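Just below is one structure, and these are the notes that go with it.
Here the structure is a predicted model, which means the values were calculated and not measured. To find a chain, count down the sequence lines: A is the first, B the second, and so on, and within it residues start at 1.
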Number of protein chains: 2
Amino acid sequence: MLSSASDPDRFTDAYPARITALTRERKAGTKIVGTFCLYVPDEIIYAAGADRMILCGGSNALIPAADEFLPRSLCPLIRSSFGSIITRDDPQTAACPHVALIDLVIGETTCDGKKKMFELLADLVPTHMIDLPQKPDTPGALLYFTSELQKFRRVMEELTGNQVTDEALWREIRNANRTRRLLMRLFTLRQQNPPPIGGVAVIRMMQRQFQLHPTEFRRRLETLVTRLEALQGTNQERTVKRPRILFSGCPVTAGNQKVPEIVEERGGVIVVEESCTGTRAFWHLVDENEERDPLVALAERYLQIPCACMTPNDRRIEHILDLVRQYSVDGVVYATLQNCQGYNTERHRVQQALKEVGVPMLAIETDYGDADKEQIGVRVEAFLEMIQ
Amino acid sequence: MLSSASDPDRFTDAYPARITALTRERKAGTKIVGTFCLYVPDEIIYAAGADRMILCGGSNALIPAADEFLPRSLCPLIRSSFGSIITRDDPQTAACPHVALIDLVIGETTCDGKKKMFELLADLVPTHMIDLPQKPDTPGALLYFTSELQKFRRVMEELTGNQVTDEALWREIRNANRTRRLLMRLFTLRQQNPPPIGGVAVIRMMQRQFQLHPTEFRRRLETLVTRLEALQGTNQERTVKRPRILFSGCPVTAGNQKVPEIVEERGGVIVVEESCTGTRAFWHLVDENEERDPLVALAERYLQIPCACMTPNDRRIEHILDLVRQYSVDGVVYATLQNCQGYNTERHRVQQALKEVGVPMLAIETDYGDADKEQIGVRVEAFLEMIQ
């Protein structure tokens, strides 16, 4: 099994090259857009000829700088992200040089903390907000979200000076779908026992999806998938069977893989992630029927993402139960960030649903610090023993 | 000046009579709707021939029951409200007998905590959700919210078996506007120095607005306003001038007036509340032009409420600055509930705006407990001394 350490396809060292490329692109006039969320359709950004980089922070060190502006009762992801932006010109924060390259931030109204943080951000970097309806199945939600995407399209046209044609949108939709299908192939391979790649390695790769240029990401992903498919059936690993874990909850931001690392260090194997750095990022394709309005096709697809910001979020519960079956899951680790009100409240419904099908669940609520590492380790170990 | 203790118009003892009335109404077939928020247009409920009661809880004692289901990182208002519902058949919680009388809860997607709490509530009481756009000025928001109100109208028709006619909606709009105008007259009287009524008395009265039948509330309000207007100019109070406070932030739920009480006990006088139990409840009228679609007129008015769930919320900042001028405010007490991410994050922008006009602000973040009462008292006293 490929572990995160082997990193055979060099996803983890891709960041420095990416910064060099972004810097060069920007000098040549390309606009760089910063995003925080899967609900912002990349297709519109690329169709405008701009490039995109994720701004979600995973560094604990950047939180104190944010605490001067934001309440501590926000989650560490929001505080760290904001910290990386207010300290973007500080040489000590050179770990996030991409932040200084952003021409426009695209925010969204997914959760209260981010929504309000973007208002402070707008004082520092030009920011455009997309309003996301929160009841995806109500009549009117599709129309409203489509109108927000129309506005986003105009904003991108103004930023870049390029027209966002339907043709360019369909091209980017096809490209993004290609990446989604590759990810689906990769994830399907993990239904094998043992899976050909570990969860931490996959999470690190998913983190890169939001940093790399999509063409570059797809190229690396294709190499990886092809290689793993070729290995199929040849896996000689004959170790003790490791408990198969579904990892579910908040996104695992680059810089903070604490919980998945603990799960795999203590003897579990993560076979699938129900997360923004997991299935939420690629599970649904955009309809490629070019007789339709591409923005409606995009709105339809993006509204299907089962983030906890949606209500009711039965789609997520059903998705988790499907994954439990498809991936022969022994137990679920439900990992959330402190003060994430959406995922922490939804925990109860997920727990109930899993109880009904007899699948054990371990809930871990944590921050970006190391103080609880040992305590989490002990709990994870006890959980893995129990489900073995 | 009328204080809360004198309660000349018997707002505070109105609750038991209201419970008797609701119980009688319900036996006679009237449906009772429970709401949590100003964004739910009462006009639609009354136009359907139903009655309405607020479900926002202010009792600290009900929180432990909720903590079995909800994360502790939600605000006390949400936890207490949920606690009152899960314990509704428990004789020990007889303080909230109204909860057991509710036929339908109308929830809304204002904040993450409430939005997700409503999903658990739906397992206990029939619940309908209204999706509220969060960018009130974006094209499409009015159309979307109107479509949500159309759906709400149908839900009320199904619940009651009554048709919600435009005629009935206009009647209720005129009635609600009448109450709003009376409240505006009351609040305008408070621009006097000293004001004829204290802030705690007004807050207690505003809490009753969400409990009483609107006709009953308006009757009592009219008596109060008429009496205070007659007193105008006759105020003989010759005490030391008390600092005039704008009280701003989270709603002050019935059962928890801790902060405003401390402000007035320690020597300040609250002259205006920028709060759901204050100006947000009545500041805007619904357009009474009956040639329009009444639901559009309602949507327009309700989208103007400057709750911190909206983004950007410049409307609230401007409103606070207007109130500071109109009410000759010496200082602002910005009081929030713990873990309310919206109002706690917006604190920074309010603080900045007040700093620019040279008005001091004291920020207090608290829960429903008594443990911090003395500490808050000391801070309030120091603040009042400073601004005197």
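For the set B:Ala308, B:Ser147, B:Gly342, the count of heavy-atom pairs under 4.5 angstrom toward chain A peaks at B:Ala308. Chosen from A:Lys151, A:Glu148, A:Met117, the residue pairing most often with chain B at heavy-atom distances under 4.5 Å is A:Glu148. When the candidates B:Asn344, B:Asn313, B:Thr311 are compared by the number of heavy-atom contacts under 4.5 Å with chain A, B:Thr311 comes out ahead.
Applying a 4.5 Å heavy-atom cutoff, the residues of residues 66-75 of chain A that approach chain B are A:Glu68, A:Phe69, A:Leu70, A:Pro71, A:Ser73, A:Leu74.
The distance between the ring centers of B:Phe36 and B:Phe118 falls below 6.0 angstrom.
Ion pairing between B:Asp131 and B:Lys115 fails under the 4.0 Å rule for side-chain N and carboxylate O. Of the charged side-chain nitrogens involved, at least one lies within less than 4.0 Å of a carboxylate oxygen, so that B:Glu300 and B:Arg292 count as a salt-bridged pair. For A:Arg349 and A:Glu346, the salt-bridge test fails: no basic side-chain N is under 4.0 Å from an acidic carboxylate O.
Defined by atom type and a distance below 3.5 Å, a donor-acceptor pair is present between the side-chain atoms of A:Tyr368 and A:Thr253. A donor-acceptor contact closer than 3.5 angstrom is absent between the side chains of A:Thr109 and B:Lys135.
Contact of B:Ala122 with chain A is not made at all, since no heavy-atom distance falls under 4.5 Å. Residue contact with chain B, scored on non-hydrogen atoms closer than 4.5 Å, involves the backbone of A:Thr110 exclusively. Interface residue A:Leu120: only side-chain heavy atoms are found under 4.5 Å from chain B.
We find the CZ-CD distance between B:Arg280 and B:Glu274 to be 4.5 Å, quoted to the nearest 0.5 Å.
A distance-only check finds a donor-acceptor pair linking the side chain of B:Ser84 to the backbone of B:Ser81 [under 3.5 Å].
Listed by chain and number, the residues in a salt bridge (charged side-chain N to carboxylate O under 4.0 Å, His left out) with B:Arg301 amount to none (sequence neighbours excluded).
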